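These notes concern the structure reproduced below.
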Protein chains: 2
Amino acid sequence: MKKINWKNFKHAVIATDVVIFTVIDNELKVLLIKTNKGPFKGKWVLPGGLVNIKESVDNSAAKHLKNKTGLSNIYLEQLYSFGEVNRDPLGRVVSVSYFALAPNKEYQFKTTKEYDEIAWHSINEIKKLGYDHEDIIKLAIIRLKSKLEYTNIVYSLLPTEFTFTDLQKMYETILERKIDKRNFRKKILSLDIIKKTNKKTIGGANRPAHLYKFKNRKLEVVEII
Amino acid sequence: MKKINWKNFKHAVIATDVVIFTVIDNELKVLLIKTNKGPFKGKWVLPGGLVNIKESVDNSAAKHLKNKTGLSNIYLEQLYSFGEVNRDPLGRVVSVSYFALAPNKEYQFKTTKEYDEIAWHSINEIKKLGYDHEDIIKLAIIRLKSKLEYTNIVYSLLPTEFTFTDLQKMYETILERKIDKRNFRKKILSLDIIKKTNKKTIGGANRPAHLYKFKNRKLEVVEII
DNA sequence: CCAAAAGTGTTGCGGTTACACCCATGT
DNA sequence: ACATGGGTGTAACCGCAACACTTTTGG
């Protein structure tokens with residue numbers, strides 16, 4: 001990794017930061033890394049980094065996501081650009097933030113020289129983060145909640161096959177409210193966005209549940225809730 | 001104006017571009033300037049410019065808005081950041097775009113060395129613009145339509161006092177559909193966001209209309225339509 | 001047989017839509 | 001008197017919310 005002397009920059013530089021969400025045990029989590037250098041040494045921050053002059057900003061976000069977490073091919077969309085003058089104590093950095101959604105799996109996260117810890121954090125247990133990254137996460141949560149209500153984006157948090165209860169719990173966790181089971185099933189089925197497979201869950205100490213799949217695993221605008 | 005040699009930049013630089021909307025004669029218009037230099041000489045483009053290292057990105061947008069159009073204190077919000085590598089033929093420029101809303105008035109626009117024409121353009125009559133500014137405008141229109149439906153943002157396109165018909169026409173123009181007059185009045189009144197003044201329109205060859213004011217001239221989230 | 005989660009319909013309410021005529025003013 | 005836009009109420013419909021019991025499996 002080439003060392004960067006920020007003081008050499010006469011102009012604002014551009015970075016990308018990615019808020020990566022997943023849901024584990026009915027809790028919304030965000031992926032953070034613990035920096036071991038710079039003014040926020042020892043603090044948890046969002047994965048991200050500078051935008052190379054030869055890559056698009058979107059590519060930069062995808063690249064940093066991949067490099068720091070190993071994740072790729074997950075849902076990624078631009079969130080907002082943070083451009084306050086003093087948001088980075090080392091220089092003028094404008095951050096184009098992104099938010100990403102990952103299904104809950106056993107990921108093998110990498111560490112590098114810049115950080116030696118990387119972990120999921122419950123959004124309720126986030127302490128003081130470096131930079132303005134708490135603001136970024138807050139905004140990302142608002143965006144996520146909102147998109148959940150008017151798109152099928154939830155598919156990107158679920159595995160390919162899931163039960164109706166999995167789906168409902170996802171909404172309940174993120175929207176932080178209970179939803180009536182019968183009304184929920186009625187609504188989702190009427191939207192014609194998922195289809196029943198001929199498989200069922202096995203091994204539970206109770207009645208097996210049908211497994212469903214999304215008909216389209218790409219973003220669609222649908223009034224879900 | 002200091003001359004900028006783009007080739008000197010080793011890193012991407014940041015610019016802001018502003019999509020300024022108004023409604024004139026039941027048409028949605030956007031304010032464009034005609035550049036007289038650079039690769040898009042003679043083309044219409046959005047007002048905007050580079051972000052200074054000592055100003056926030058938000059300030060930069062407000063400043064360029066003011067400098068190039070004389071407009072200030074109007075509604076302004078960040079839209080999206082455009083970061084493709086080749087969007088500016090002279091160098092690597094990432095544009096943080098904004099959209100602004102102005103009531104229809106007789107503005108005295110300024111011209112500078114960089115452009116000698118500045119004018120409102122109907123969004124239906126926009127030809128080939130410089131840069132990716134058509135994309136920016138398209139996105140801004142989507143955002144505007146959407147915000148019109150779930151906020152009181154329309155206040156920023158109207159004068160302080162307006163008739164119910166003015167208000168309804170604003171919606172009909174931007175959303176591009178007819179709205180039932182009685183249902184519209186019922187809905188707006190039930191939201192309790194405007195109040196009747198004791199004035200009426202004068203001089204029309206017909207029954208005078210009551211004038212209304214917004215109770216709050218700041219952004220609120222309300223299900224309007 | 002018991003525990004645990006899956007699965008299934010009906011009713012009432014409230015908000016949205018559709019729809020047509022009289023009113024106040026200027027010419 | 002007539003042309004023009006201002007201003008008003010009601011009924012049907014539809015989507016949403018509230019609500020409880022039976023089924024299927026494993027232990």
Side-chain angles (χ1 to χ4, degrees), chain A residues 23 25-26 145-146 148-152 154 158-159 161-173 175-213 221-225, chain B residues 23 25-26 104 145-146 148-152 158-159 161-173 175-213 221-225:
Chain A
V23 172
D25 295 337
N26 299 328
K145 285 182 177 177
S146 148
L148 215 54
E149 301 205 335
Y150 74 90
T151 72
N152 64 347
V154 70
L158 287 164
E161 300 187 338
F162 52 89
T163 68
F164 240 113
T165 304
D166 294 337
L167 182 60
Q168 185 175 339
K169 284 257 184 282
M170 201 58 90
Y171 277 94
E172 291 183 335
T173 301
L175 299 179
E176 299 176 286
R177 59 187 169 90
K178 287 281 166 215
I179 300 172
D180 179 87
K181 188 164 48 157
R182 278 172 291 190
N183 293 339
F184 182 77
R185 295 172 87 99
K186 237 182 305 172
K187 190 65 200 292
I188 298 292
L189 288 174
S190 79
L191 294 172
D192 196 36
I193 54 175
I194 61 172
K195 57 168 180 271
K196 204 184 267 187
T197 68
N198 45 22
K199 300 184 215 160
K200 292 190 177 194
T201 52
I202 44 172
N206 47 31
R207 178 170 173 179
H210 285 102
L211 288 169
Y212 288 80
K213 297 174 83 153
V221 174
V222 215
E223 265 325 310
I224 305 253
I225 285 181
Chain B
V23 171
D25 296 337
N26 299 327
N104 176 19
K145 285 183 178 178
S146 149
L148 215 55
E149 301 206 336
Y150 74 92
T151 72
N152 64 347
L158 287 164
E161 301 187 336
F162 51 89
T163 67
F164 240 112
T165 303
D166 293 337
L167 182 59
Q168 184 174 340
K169 284 256 185 282
M170 203 57 89
Y171 278 93
E172 291 183 334
T173 300
L175 299 179
E176 299 175 287
R177 59 187 169 90
K178 286 282 167 214
I179 300 173
D180 179 88
K181 186 165 46 158
R182 278 172 290 190
N183 293 339
F184 181 77
R185 295 171 88 99
K186 238 182 306 175
K187 189 67 200 291
I188 297 291
L189 289 175
S190 78
L191 294 172
D192 196 37
I193 54 175
I194 62 174
K195 57 169 180 266
K196 204 184 264 187
T197 67
N198 46 21
K199 301 183 213 159
K200 294 190 176 194
T201 51
I202 44 171
N206 47 31
R207 178 172 174 178
H210 285 101
L211 288 169
Y212 288 81
K213 297 174 83 153
V221 174
V222 215
E223 264 324 310
I224 305 253
I225 286 181

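A quick note: this is a predicted structure, and the numbers were derived from the prediction, not measured. Note on naming: letters A, B, ... go to the chains in the order of the sequence lines (proteins, then strands), and numbering restarts at 1 for each one.
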Q.
What's A/Lys187 touching, base or sugar-phosphate or nothing? Going by heavy atoms closer than 4.0 Å.
A. sugar-phosphate
Q: Measure the shortest side-chain to side-chain distance between A/Ile179 and A/Ile225 over non-hydrogen atoms and say whether it is less than 4.5 angstrom.
A: yes
Q | Residues from residues 192-203 of chain A lying under 4.0 Å of DNA chain D - heavy atoms | A | none
Q. B/Asn26 has an atom CG; how far is it from atom P of D/dG5, in whole Å?
A. 12 Å
Q. Would one find a side-chain N or O of A/His210 under 4.0 angstrom from OP1 or OP2 of C/dA6?
A. no
Q: Output all residues satisfying side-chain hydrogen bond (donor to acceptor under 3.5 Å, both in side chains) with A/Lys199, sequence neighbours left out; order by chain, then residue number.
A: A/Glu161
Q.
What is the distance, to the nearest angstrom, from the CG atom on B/Asp166 to the C1' atom on D/dG6?
A. 12 Å
Q. D/dG15 P sits how many Å from A/Leu191 CG, rounded?
A. 12 Å
Q) Does atom NZ of B/Lys195 have more than 12 heavy-atom neighbours, drawn from other residues, nucleotides or ligands, at distances under 6.0 Å? A) yes
Q) side chain to side chain contact (heavy atoms under 4.5 Å, CB included) with A/Asn26: which residues, sequence neighbours excluded? A) A/Lys169, A/Thr173
Q. Of all residues at least two apart in sequence or in a different chain, which pass the side chain to side chain contact (heavy atoms under 4.5 Å, CB included) check with A/Leu189?
A. A/Phe164
Q | Value in whole Å for how far the P atom of C/dG15 lies from CD1 of B/Ile225 | A | 17 Å
Q.
Counting C-beta onward and ignoring hydrogens, is there a side-chain heavy-atom pair between A/Val154 and A/Ile224 closer than 4.5 Å?
A. no
**Q.** Whole-Å distance separating the CG atom of A/Asn206 from the C1' atom of D/dT22
**A.** 15 Å
Q | First of B/Arg207 and A/Arg207 reached from the 5' end of DNA chain C, by closest nucleotide | A | A/Arg207
Q) How long is the span from the OG1 atom in A/Thr163 to the CD atom in A/Gln168, to the nearest 0.5 Å? A) 9.5 Å
Q. So which nucleotide from D/dG7, C/dG7, C/dA24 ends up closest to the side chain of B/Pro208?
A. C/dA24
Sequence neighbours excluded and cut-off under 3.5 Å, please list the side-chain donor-acceptor pairs for residues 202-212 of chain A, or say none.
none

Q: Report the residue from A/Arg185, A/Lys187, A/Lys186, A/Lys181 that forms a side chain to side chain donor-acceptor pair (under 3.5 Å) with A/Asn183.
A: A/Lys186
Q. What's the CD1-C1' distance between A/Ile188 and D/dC16, to the nearest Å?
A. 14 Å
Q: With heavy atoms under 4.0 Å as the rule, sort A/Thr165 into base, sugar-phosphate or nothing.
A: sugar-phosphate
Q | Residue B/Arg185, side-chain heavy atoms: nucleotide from D/dT4, D/dT10, D/dT8 that is nearest | A | D/dT8
Q) How many Å lie between NZ on A/Lys186 and P on C/dG7, as a whole number? A) 16 Å
**Q.** Sub-4.0 Å heavy-atom contacts from residues 175-184 of chain A onto DNA chain D, ordered by number
**A.** A/Asp180, A/Arg182, A/Asn183
